[in-house]
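Keep in mind the model is a prediction, meaning the values are calculated, not measured. Counting starts at 1 for both ligands and their atoms, in listed order.
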Amino acid sequence: MFNNLIPLLGVAILVALAGVILVRPLRRAVITRPIFSTYRKVLPQMSGTERDALEAGTVWWEGELFRGKPDWQKLHAYPQPKLTAAEQSFMDKEVEEACRLVDDWKVTHELYDLPNEAWRYIKDKGFLGMIIPKKYGGLEFSAYAHSQVVTKLSTRSSALSVSVMVPNSLGPAELLLHYGTDDQKNHYLPRLAKGIEVPAFALTSPWAGSDAASIPDSGIVCKGMWQGKEVLGMRVTWDKRYITLAPVCTILGLAFRMYDPDGLLGGEKDIGITCALVPYDHPGVDTGRRHFPLNAMFMNGPTRGKDVFMPLDFIIGGPKMAGQGWRMLMECLAAGRSISLPSSNTGMAQMTARAVGGYARVRSQFKMAVGKFEGVEEALTRIGAYTYMMDATRKMTAGAVDLGEKPSVVSAIAKYHVTERARQVVNDGMDVIGGKGICLGPSNFMGRAYQQVPIGITVEGANILTRSLIIFGQGAIRCHPFLLAEMQAAQNPNVGKGLVDFDKALWGHIGFTIKNGFRALWLGMTGSHFAAVDVDTAPEMERYYQQMTRFSAAFAFLSDISLLVLGGSVKRREKLSARLGDILAQMYLISCTLKRYEEEGRNAADAPLAHWAIWDAMYKAQQAFDGVIANFPVRFIAAFLHRSIFPWGHPYVVPSDDLGHQVAKSLIAPSATRDRLTAECFLPRTENEPVGAIELALAATLEAEAIEAKIREAEKAGRFADNPRANVRDVAGVAVELGVITAAEYEVMKRRNHLRDIVVRVDDFPFDYNVATANKPALERKAA
Ligand SMILES: Cc1cc2nc3c(=O)[nH]c(=O)nc-3n(C[C@H](O)[C@H](O)[C@H](O)COP(=O)(O)OP(=O)(O)OC[C@H]3O[C@@H](n4cnc5c(N)ncnc54)[C@H](O)[C@@H]3O)c2cc1C
């Protein structure tokens with residue numbers, strides 16, 4: 001009898017539950033209300049600065065990736081960024097000439113600055129005003145053009161690219177354009193556009209680096225004398241460091257916290273972070289000293305001031321913008337962060353791919369080009385594939401800015417992952433070229449990049465912080481379709497309205513999580529083979545779209561369960577948050593790579609680069625999933641997650657050696673693929689420049705290879721036995737004497753040898769070169 005009742009009871013409970021859930025007022029009263037009350041209590045209080053940071057910017061493609069079912073048509077529909085005729089001409093003429101004017105060894109070792117001629121040129125030609133509209137005399141370039149310029153300059157000299165990049169990034173021009181008063185815009189923008197003013201922007205203080213909102217620099221509202229009259233102003237005290245261009249700036253953007261203790265403005269006493277523009281020669285402003293950031297030699301230094309009186313009109317946007325500084329900075333951050341570091345670091349990688357690839361063919365050991373050894377191939381493969389992916393990422397992200405986005409999350413992804421890959425690429429490049437990269441001098445084409453790569457890691461949001469706190473921490477709240485709505489509803493002072501909004505978001509959220517859980521399981525069980533790809537793709541790439549759909553569903557599910565279990569503490573669980581961010585980031589990088597392959601016309605010859613980069617990223621994403629699940633605090637949920645996401649185990653493996661071989665091969669010989677991969681490289685065509693010499697030597701090496709094969713055959717046949725001149729350096733001379741090769745072939749070999757010698761040469765200096773004072777004891781020892 002009881003046995004018959006149990007199913008009936010079960011059905012009755014289900015029907016009752018369904019009734020409660022489906023009848024909205026009932027659901028709200030019985031289920032949502034208690035959850036809402038608890039949520040309101042446990043929701044961590046957010047400071048104003050945290051809220052500004054979180055709400056700044058827009059959500060773009062990463063929103064699709066976060067939602068479990070990316071709309072691939074949308075990805076393909078984003079227009080391919082292109083240069084206008086004027087922008088292309090600027091790249092071909094002005095950028096080329098600016099590169100030509102700079103010799104990086106002279107800059108970093110002799111001048112400790114850009115040559116005057118280069119400074120004059122970049123100012124006169126408008127490099128410092130690329131983002132300024134034409135009506136103010138600027139170039140009004142697209143974000144993509146701006147990115148192209150910075151990328152190319154970075155293949156030549158970091159001092160050059162940083163000096164151009166910073167005025168066009170987050171700083172006075174950007175802030176003035178968005179928030180300046182008409183008077184400020186009309187005065188400063190034309191002067192900035194023509195380089196009459198050189199800007200710097202000072203936020204960082206010795207006590208507040210990553211936590212920049214806690215700057216102790218202050219501005220106290222008071223009365224003072226300005227241009228012969230008593231006016232309302234502020235007494236500002238600051239101590240800043242690391243400020244790019246500060247030593248040479250003429251206009252200093254300054255962030256400080258403004259207070260009005262005497263109520264002169266009639267409102268709050270603690271007004272908040274405020275941004276002002278101060279001329280460098282304003283009484284009390286101290287600029288001019290410099291740091292040496294890893295010998296990059298762009299101008300960078302401290303600035304200080306004590307009780308410096310300035311009128312309220314110095315505030316960017318005028319007195320009404322007092323206290324709005326943090327919001328202004330956060331809103332403008334995404335555009336600059338989307339362009340500066342992704343572009344400069346891609347430039348560095350492009351140059352590494354080009355020069356190290358060429359070097360690896362020219363340099364031979366054990367009678368073989370070093371680039372053909374499997375061990376070296378591994379490093380070359382990473383250089384090639386990462387450069388392809390980095391370039392894809394910087395282009396797509398710059399394209400987002402041109403679409404009017406302020407992509408706060410993808411700009412953080414691009415900044416972190418492009419700079420980290422650049423670090424790997426440069427390290428690999430150094431390994432491949434061996435001692436050639438170690439000895440500094442005019443013919444070392446890698447040493448400075450190696451020294452300077454940590455700069456990109458540290459600036460514009462230090463990488464550890466960006467990965468641990470921002471990518472997922474901000475991404476989850478911004479991109480999730482319901483999370484922000486739930487938080488806003490819980491914080492609504494109108495509790496009744498808050499409950500209604502919360503109910504809607506909460507039940508949407510529950511449905512979303514369940515759906516993604518089932519989809520993740522289904523896509524995992526079927527290896528995503530049945531996932532629809534509703535867009536025209538290259539057949540060789542189609543599987544990746546399916547895999548990405550699977551990743552996206554699994555990620556959405558894992559994120560929701562993590563947020564449910566960890567709640568607000570996810571902010572402190574940085575290791576888990578970082579790994580969740582890694583998954584989102586790898587999906588973004590893969591999207592950019594797929595988009596690049598599509599936009600460039602599905603070049604089959606480039607496919608190995610894309611395949612390798614994508615497999616590597618999928619493998620890394622899988623590792624990040626594992627890292628979250630293995631460390632998930634509730635073990636039975638971890639087991640459940642593992643079964644749901646990887647029902648048959650781990651499907652993603654490292655990219656194959658064969659694929660790696662194809663990538664490495666494309667770097668060590670001229671080809672259209674190599675040209676596309678390194679399209680923005682500044683390539684001097686002269687043997688007097690290290691990169692120019694490699695280019696010429698590579699061509700000569702290839703021309704000589706068949707002749708060299710003949711010499712090897714003769715060598716194997718014992719024809720040079722016991723001839724001391726038949727060594728690695730001079731064997732061709734013996735070969736021509738013995739008639740193994742013709743005189744014409746010997747000329748080819750001679751030219752190859754000449755260029756190869758230039759390429760492998762390293763610089764040496766007199767014993768007491770430049771060290772006479774520092775190394776005095778050694779000199780004295782030698783004299784004794
Ligand atoms: C060459 C150069 C140029 C610069 N240009 C400018 C400029 O023009 N204007 C300007 O205002 N500033 C500039 N900066 C400052 C730059 O933005 C800061 O260096 C950066 O914000 C980091 O601050 P910090 O160096 O004091 O490191 P710290 O804040 O001391 O950080 C130390 C380490 O702790 C990590 N960390 C900190 N907080 C967290 C957290 N919550 N979670 C995880 N990890 C964390 C960081 O990632 C970093 O690895 C520049 C810096 C350099 C080196």
Side-chain angles (χ1 to χ4, degrees), residues 47 49-50 53 108 128 158-159 161-175 198-217 238-249 251-257 273 275-278 287 290-304 325-326 328-330 332-333 336-337 340-341 344-345 412 415-416 419-420 423 448 451-474 569-579 581-582:
S47 67
T49 51
E50 273 181 307
T108 58
L128 307 189
S158 64
S161 70
V162 173
S163 305
V164 167
M165 171 173 120
V166 166
N168 287 292
S169 181
L170 178 57
E174 176 87 4
L175 293 171
V198 175
F201 191 82
L203 171 64
T204 305
S205 98
W207 303 277
S210 299
D211 184 12
S214 347
I215 39 172
D217 314 287
W238 71 94
D239 183 354
K240 308 282 193 182
R241 64 177 181 182
Y242 305 150
I243 308 308
T244 302
L245 295 183
V248 294
C249 77
I251 181 83
L252 179 69
L254 200 56
F256 53 86
R257 202 167 185 99
I273 292 180
C275 298
L277 281 183
V278 196
T287 55
R290 73 182 291 188
H291 308 300
F292 287 112
L294 293 171
N295 291 348
M297 296 307 162
F298 56 86
M299 286 291 165
N300 179 282
T303 167
R304 299 179 185 98
W326 192 250
M328 289 156 66
L329 292 173
M330 289 303 108
C332 292
L333 177 68
R337 194 169 59 186
S340 302
L341 273 304
S344 59
N345 278 249
K415 191 270 162 175
Y416 177 90
T419 55
E420 288 295 339
R423 167 145 70 178
R448 292 303 192 201
Q451 284 184 316
Q452 291 154 18
V453 92
I455 298 174
I457 304 289
T458 297
V459 301
E460 292 204 4
N463 273 11
I464 296 181
L465 168 114
T466 301
R467 172 171 178 254
S468 318
L469 209 63
I470 296 179
I471 296 180
F472 184 77
Q474 191 171 349
S569 78
V570 79
K571 201 173 146 186
R572 288 188 306 278
R573 306 291 291 255
E574 288 193 347
K575 293 178 191 166
L576 290 182
S577 175
R579 293 182 190 116
D582 288 345

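Annotation: the span from Ser163 atom OG to Asn168 atom CG amounts to 11.5 Å, rounded to 0.5 Å. The distance from atom CG of Leu294 to atom OG1 of Thr108, rounded to the nearest 0.5 Å, is 12.0 Å.
Contact atoms of ligand 1 toward Thr458: 19 (O), 20 (C) (distance under 4.0 Å to a heavy atom of the residue). Atom numbering of ligand 1 starts at 1 in the shown order; those under 4.0 Å from a heavy atom of Leu203 are 10 (C), 11 (O). Distances below 4.0 Å separate heavy atoms of Gly209 from the following atoms of ligand 1: 21 (O), 23 (O), 26 (O), 29 (O). Of all the atoms in ligand 1, the ones that sit under 4.0 Å from a non-hydrogen atom of Ile455 are 1 (C).
Judged purely by distance below 3.5 Å, without hydrogens or angles, the side chains of Thr303 and Trp238 pair a donor atom with an acceptor atom.
A donor-acceptor contact shorter than 3.5 Å is absent between the side chain of Asp239 and the backbone of Asp217. Proximity of a side-chain donor or acceptor of His291 to a complementary backbone N or O of Asn300 within less than 3.5 Å is not detected. Looking only at distances, no side-chain donor or acceptor of Ser214 sits under 3.5 Å from a matching main-chain atom of Ala208. Here the side chain of Thr419 pairs a donor or acceptor atom with the backbone of Tyr416 at under 3.5 angstrom. A donor-acceptor pair under 3.5 Å links the side-chain atoms of Ser468 to the main chain of Ile464, judged by distance alone. A donor-acceptor distance shorter than 3.5 angstrom exists from the side chain of Lys415 to the backbone of Ile457, with no hydrogens or angles considered.
The shortest contact between atom 53 (C) of ligand 1 and any protein heavy atom is with Val459 CG1, 4.0 Å. Protein heavy atom nearest atom 46 (C) of ligand 1, with residue, atom name and distance: Ala462 CB, 3.6 Å. When hydrogens are left out, the protein atom nearest atom 27 (O) of ligand 1 is Ser210 OG, 4.0 Å; that is the closest non-hydrogen contact.
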*Would you please test Arg290 and Met297 for side-chain contact (heavy atoms from CB on, under 4.5 Å) and show each step?*
CA-CA 10 Å; Arg290 73 182 291 188; Met297 296 307 162; 3.7 Å; yes

**OP:** Applying side-chain contact (heavy atoms from CB on, under 4.5 Å), run through Lys240 and Leu254 and close with a yes or a no.
**Re:** CA-CA 9 Å; Lys240 308 282 193 182; Leu254 200 56; 4.1 Å; yes

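The part of Glu574 lying near ligand 1 is the side chain, judged by heavy-atom distances below 4.0 Å. Contacts with ligand 1 closer than 4.0 Å are made by side-chain heavy atoms of Leu469 only, the backbone lying farther away.
Polar contact with ligand 1: absent for Phe298 (N/O pair, distance under 3.5 Å). For Ala202, no nitrogen or oxygen atom sits less than 3.5 Å from a nitrogen or oxygen atom of ligand 1, counting backbone and side chain alike. Among the atoms of Arg241, none of the N or O lies under 3.5 angstrom from an N or O of ligand 1. Between Phe201 and ligand 1, at least one pair of N/O atoms sits closer than 3.5 Å.
At a distance under 4.0 Å, no protein heavy atom can be found next to atom 35 (C) of ligand 1. There is no protein heavy atom closer than 4.0 angstrom to atom 32 (C) of ligand 1.
Nearest residue to atom 18 (C) of ligand 1 from Thr204, Thr466, Asn463, Leu245 is Thr204 (criterion: closest heavy atom). Taking each of Ile243, Thr303, Asn300, Ile464 in turn, the one with a heavy atom nearest to atom 49 (O) of ligand 1 proves to be Ile464. Between Tyr242, Trp207, Phe292, it is Tyr242 that holds the heavy atom closest to atom 13 (C) of ligand 1.
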